[in-house]
There are 2 protein chains.
Amino acid sequence: MSRDAATDPRQEILRAAARLFQEQGYDATSMNDVATALNLSKGGLYHHFQSKDEILFDLMDHAMDITQDQVLGPVKAIADPEQRLRTLIRRHIAVVLSEREREITVMLHENHPLSPGLRKRINARKKEYIHFLENLIAEVQRTRPAAGKPKVTPRAAAFALLGMINWIYQWYRPEGSLQEESLVEQYTAIFFQGAFA
Amino acid sequence: MSRDAATDPRQEILRAAARLFQEQGYDATSMNDVATALNLSKGGLYHHFQSKDEILFDLMDHAMDITQDQVLGPVKAIADPEQRLRTLIRRHIAVVLSEREREITVMLHENHPLSPGLRKRINARKKEYIHFLENLIAEVQRTRPAAGKPKVTPRAAAFALLGMINWIYQWYRPEGSLQEESLVEQYTAIFFQGAFA
DNA sequence: CTAAGAACCGACCGGTCGGTCGGGCCGTAC
DNA sequence: GTACGGCCCGACCGACCGGTCGGTTCTTAG
């Protein structure tokens, strides 16, 4: 039978590594740090992973899985384009802020040179997300009869939205005054109507 | 008499280091790399800087100087709040995209642990920028009589705008189809009226 | 019980890193 | 001339890194 996810050693290692990479950065975290955090020796750690890069890749790939499951999947089930976009914003912010899903911020920040093959796989998944968002924005634009033709291309709008949200990890502190729910509403308002509506 | 800026060895070193840090990252760039890029030995390099951290700090401090000179300074001279904000967006984007000012992206991306004292100085300058932007947005909100009270706080709007712009370095390629002028107009439009105006 | 394989340990390796140091070169002052 | 300081070289150091390896312990199937 398959492994219980809670005690699968690879999953545990990935969780610990994600925490350390997020706190100290990938380069500043040694394999010894990861092993020690798990009450393991470095040799023991290498029994489960072949290399440090493999850990990073698995982490990033897992981060894309999370995005797929928590954002893209649920969102695709929504019929109305505008509601679909609003939900995407809400869920994307939720994933970035999630304490449990530290892989996401690691993936957003680290751009350590993986082997070209692995790098391509991650980039392909990122691009898939961008294109989905781009198409979704284009769809919403079509349902909203603007006065003239819209000034903003779906592509630029997609990058702007991703920037707004993906930058949050740089300044957000859970103990701060700006809470998740308020953030979702305000960012949604800015993207749909601007900061001065 | 004071040094000519073009031949000041410290400035030359900072330029070279900025280029390498941007291309390969701070950790992945050795002092030997920096020295070699300048046809210098590592020992010679250490004649001008005491440590690698000192280079990084000077780089970041210089990046804040550039922001001061190229963005904050010129913008403060503009009387009309809305024009002031529009110019800030334009100039902030210009600085992030500037090929000559690589210090900026290094500062945006690297968060290597500097000594607490140095770190505080950089953070203080960043906060000063944020507060200026926050106040400017509040001022524009006052000049624009919104229907009800504005839904968006100046603080959230400031972070959203900074995220949009500071994230650009993650995806922008000068040879791409989206050019600086178009980017400025579209980002400005999104921030003022949303993506669907 | 035994045997086998997974899990793990800890010593170790080659290499690289940031940083040091003693000394050499060279323009300038006297 | 010579003494001196700025500038620079290149050999070197200790620490640490990612990764390896031979061997030990634990688990489990038969």
Side-chain angles (χ1 to χ4, degrees), chain A residues 1-21 23-60 106 110-119, chain B residues 1-21 23-60 106 110-119:
Chain A
M1 82 180 210
S2 87
R3 231 19 145 107
D4 182 352
T7 56
D8 178 4
R10 278 181 70 101
Q11 294 294 332
E12 280 186 55
I13 291 168
L14 288 176
R15 280 212 177 284
R19 208 193 72 236
L20 292 170
F21 290 174
E23 288 169 4
Q24 324 174 5
Y26 176 78
D27 290 301
T29 303
S30 72
M31 290 299 264
N32 230 326
D33 292 339
V34 178
T36 304
L38 291 154
N39 282 102
L40 244 161
S41 72
K42 196 163 53 158
L45 177 58
Y46 270 92
H47 179 73
H48 298 285
F49 284 90
Q50 289 193 37
S51 68
K52 198 182 178 186
D53 277 0
E54 188 192 339
I55 294 185
L56 182 60
F57 172 76
D58 272 29
L59 224 56
M60 290 186 168
V106 172
E110 298 298 340
N111 45 2
H112 181 84
L114 294 169
S115 78
L118 300 185
R119 193 161 185 74
Chain B
M1 80 181 206
S2 87
R3 228 23 143 110
D4 180 351
T7 57
D8 178 3
R10 278 181 69 101
Q11 294 293 332
E12 280 187 56
I13 291 168
L14 287 176
R15 280 215 176 283
R19 207 194 73 235
L20 292 170
F21 289 174
E23 287 169 4
Q24 324 175 4
Y26 176 78
D27 290 301
T29 303
S30 72
M31 289 299 265
N32 230 325
D33 293 340
V34 179
T36 303
L38 292 153
N39 280 102
L40 236 145
S41 71
K42 196 162 57 159
L45 177 58
Y46 270 93
H47 179 74
H48 298 285
F49 283 90
Q50 288 193 35
S51 70
K52 198 182 177 184
D53 277 0
E54 188 190 339
I55 294 184
L56 183 60
F57 172 77
D58 272 29
L59 224 55
M60 291 187 168
V106 172
E110 299 295 341
N111 47 0
H112 182 84
L114 294 169
S115 77
L118 299 186
R119 191 161 186 74

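Sequence lines set the chain letters: A, B, ... in the order given, protein chains first and strands last, and positions in each chain run from 1. Everything numeric here is computed off the predicted structure, so don't read it as measured data.
- Counting only residues at least two apart or on different chains, no salt bridge (charged side-chain N to carboxylate O under 4.0 Å, His left out) pair has a member in residues 24-48 of chain A.
- Residues forming a salt bridge (charged side-chain N to carboxylate O under 4.0 Å, His left out) with B:Asp58 (at least two apart in sequence, or on another chain): B:Arg10.
- Summarising the geometry of B:Ile55 relative to B:Ala17, their closest heavy-atom pair is CG2-CB, 3.7 Å, with the distance given to 0.1 Å.
- Note: CG (A:Leu45) to P (C:dA6) measures 18 Å, nearest angstrom.
- Annotation: the span from B:Leu40 atom CG to B:Tyr46 atom OH amounts to 13.0 Å, rounded to 0.5 Å.
- Per the geometry, OH belonging to A:Tyr26 stands 12 Å off C1' belonging to D:dC17, to the nearest Å.
- With sequence neighbours excluded, the residues forming a ring pair (Phe, Tyr, Trp, His ring centres under 6.0 Å) with A:His112 are A:Tyr26, listed by chain and number.
- Within the 4.5 Å cutoff, no side-chain heavy atoms of B:Leu45 are placed close to those of B:Asn32.
- The NE2 atom of B:His47 sits 13 Å away from the C1' atom of C:dC26 (whole-angstrom rounding).
- The end-to-end axis angle of the helix from C:dC1-D:dG30 to C:dC30-D:dG1, rounded to 10 degrees and based on five pairs per end, is 10°.
- Taken from CE in B:Met60 to CZ in B:Arg119, the straight-line distance is 7.5 Å, to the nearest 0.5 Å.
- Taking only side-chain atoms of A:Ser41, from C-beta outward, the nucleotide of C:dG10, D:dG10, D:dG18 with the closest atom is C:dG10.
- Rounding to the nearest 0.5 Å gives a distance of 11.5 Å between CG of A:Leu59 and CD1 of A:Ile13.
- The distance between atom CD of B:Glu54 and atom P of C:dG18, rounded to the nearest whole Å, is 15 Å.
- The line from CZ of A:Phe57 to CG of A:Leu114 is 7.5 Å long, rounded to the nearest 0.5 Å.
- Interatomic distance, A:Met31 CE to A:Ser51 OG, rounded to the nearest 0.5 Å: 7.0 Å.
- One atom, CZ of B:Arg10, and another, C1' of D:dC7, lie 15 Å apart when rounded to the nearest Å.
- Residue B:Asn32 contributes atom CG, which lies 8 Å from atom P of C:dG18 at whole-angstrom precision.
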Hey, what are the protein-to-nucleotides 3-5 of chain C N/O distances that come in under 3.5 Å?
none

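- When each of A:Asp27 and B:Asn39 is assigned the nucleotide of DNA chain D bearing its nearest heavy atom, the one mapping closer to the 5' terminus is B:Asn39.
- One can place CG of A:Leu40 at 17 Å from P of C:dA6, the figure rounded to the nearest angstrom.
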Close N/O contacts between protein and nucleotides 19-22 of chain D (under 3.5 Å):
unit_1, atom_1, unit_2, atom_2, d
D:dG19, OP2, A:Tyr46, OH, 2.7
D:dG19, OP2, A:Lys52, N, 2.8
D:dG19, O5', A:Tyr46, OH, 3.3
D:dG19, N7, A:Lys42, NZ, 3.0
D:dG19, O6, A:Lys42, NZ, 2.5

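- Expressed to the nearest 0.5 Å, how far NE2 of B:His48 lies from CG of B:Leu14 amounts to 11.5 Å.
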